Protein chains: 2
Amino acid sequence: MGPELERLILLLAKVPGLGPRSARRAALALLQKRETLMRPLAEALAAAAEAIRPCSVCGNLDTSDPCGLCADQRRDRGTICVVETVGDLWALERAAAHRGLYHVLGGTLSALAGQRPEDLAIETLIRRVASGGVREVILATSATVDGQTTAHYLAERLRATGVAITQLAHGVPVGGELVYLDDGTIAAALAARRPA
Amino acid sequence: MGPELERLILLLAKVPGLGPRSARRAALALLQKRETLMRPLAEALAAAAEAIRPCSVCGNLDTSDPCGLCADQRRDRGTICVVETVGDLWALERAAAHRGLYHVLGGTLSALAGQRPEDLAIETLIRRVASGGVREVILATSATVDGQTTAHYLAERLRATGVAITQLAHGVPVGGELVYLDDGTIAAALAARRPA
């Protein structure tokens with residue numbers, strides 16, 4: 001099959017979402033769409049690798065630094081939403097529910113994975129908040145043990161700054177059916193019940 | 001998120017095996033492995049798009065024409081295994097069960113999809129067989145309606161050449177459990193039973 005093809009399949013298999021089997025299928029499909037997909041994808045990968053960098057303020061990925069969100073003067077500079085990953089930031093942006101700024105931690109604290117505070121973008125967050133102008137920090141880490149441990153740690157660290165520190169609400173997902181929900185979520189949704 | 005990233009995600013989403021959601025995840029992972037995966041993949045895609053071409057004899061994809069299989073003098077030039085796609089050819093090569101040559105049709109006849117004989121590499125197959133030296137043509141099309149229709153059509157067309165025309169056996173897959181098998185396969189396996 002030739003070294004070029006073997007190498008391509010090997011690399012495609014490392015892309016999250018593709019495995020060895022689907023990498024072969026993808027390579028074949030790409031070769032069959034050489035001009036419409038394969039070459040454009042090669043160029044898009046090279047262009048993005050060249051142009052896209054982490055924002056030195058919030059950690060978002062963008063072609064400009066500060067990123068488009070940090071530079072956007074229409075956004076509320078008084079609220080910072082803290083997320084684990086850029087993927088979480090994108091999810092929140094798609095929901096269009098947060099009109100303030102972000103801060104990407106780069107993961108969670110984790111005893112198991114050996115992730116310590118100094119491995120995350122925590123000091124830069126403390127400095128951002130301490131430098132003034134921030135009214136509220138929204139801790140939007142995952143509702144997992146590590147995510148909640150991280151939120152708790154951040155809340156403690158930020159306490160001294162005096163800004164409001166909030167967390168996402170727990171509850172029934174929109175469109176979610178009770179029968180498929182875990183006990184913890186049901187209990188949390190019940191405890192946080194509100195007038196209908 | 002910048003036009004470079006949007007364009008990359010759009011193109012990644014078109015790769016078979018990835019959808020819009022996994023394309024975003026893949027783009028993020030690629031940006032995090034910029035030097036070890038993203039740039040190498042861009043280069044591998046460009047190199048493969050440049051170097052790999054269909055073999056003018058059998059339709060296999062390779063960097064040389066005729067392809068490595070067609071050029072390999074150790075292979076039995078008297079048997080041609082007819083497959084639908086290059087992916088099928090690869091699967092047979094991985095099984096290392098066929099030591100002859102191949103012929104890639106480029107699909108199956110299909111009334112529904114409007115695939116006619118002239119849309120497949122059938123005339124080149126007839127010419128290969130008619131040009132002599134071929135003892136056997138193995139029809140290794142899929143065990144689907146379209147695959148079997150195509151095999152039937154090819155058998156008819158090749159009848160006049162006088163070469164042996166064979167088909168893959170039906171039966172219980174190796175490691176397969178009867179309880180999960182369809183009736184057709186069970187019936188075929190029973191009809192083709194052999195001494196234990």
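Below, chains carry the letters A, B, ... as their sequence lines are ordered, and counting in each starts from 1. Not measured: the values here are computed from a predicted model.
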Q: Would you please test A:V15 and B:V15 for side chain to side chain contact (heavy atoms under 4.5 Å, CB included) and show each step?
A: CA-CA 11 Å; A:V15 175; B:V15 175; over 6 Å; no
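Residue contact with chain B, scored on non-hydrogen atoms closer than 4.5 Å, is absent for A:L89. A:L30 touches chain B through its side chain: at least one heavy atom from C-beta onward sits under 4.5 Å away, while N, CA, C and O do not. Only the side chain of A:A51 comes within contact range of chain B, judged by heavy atoms closer than 4.5 Å. A:L31 touches chain B through its side chain: at least one heavy atom from C-beta onward sits under 4.5 Å away, while N, CA, C and O do not.
In terms of non-hydrogen atom pairs under 4.5 Å with chain A, the most contact-rich of B:A27, B:A47, B:A46, B:A49 is B:A49. Of the listed residues (B:S64, B:C67, B:A48), the greatest number of heavy-atom pairs within a distance under 4.5 Å of chain A belongs to B:A48. Heavy-atom pairs under 4.5 Å with chain A peak, among B:R25, B:K14, B:R53, at B:R53. Among B:P40, B:S22, B:A29, B:G68, the residue making the largest number of heavy-atom pairs under 4.5 Å with chain A is B:P40.
Alongside A:I138, the hydrophobic cluster contains A:L168 (criterion: ILVMFWY side chains under 4.5 Å).
By the side chain to side chain donor-acceptor pair (under 3.5 Å) test, B:R39 pairs with A:E50, B:E35, sequence neighbours left out.
In this structure, the side chains of B:D62 and A:L5 stay at 4.5 Å or more apart for every pair of heavy atoms. Taking the side chain as every heavy atom from C-beta outward, B:L41 and A:L8 approach each other to under 4.5 Å.
In this structure, A:R34 contributes its side chain and B:I52 its backbone to a donor-acceptor pair below 3.5 Å.
The CG atom of A:L45 sits 6.0 Å away from atom CG of B:L12, with the distance rounded to the nearest 0.5 Å. Between atom CD of residue A:E4 and atom CG of residue B:L61 there is a gap of 12.5 Å, rounded to the nearest 0.5 Å.
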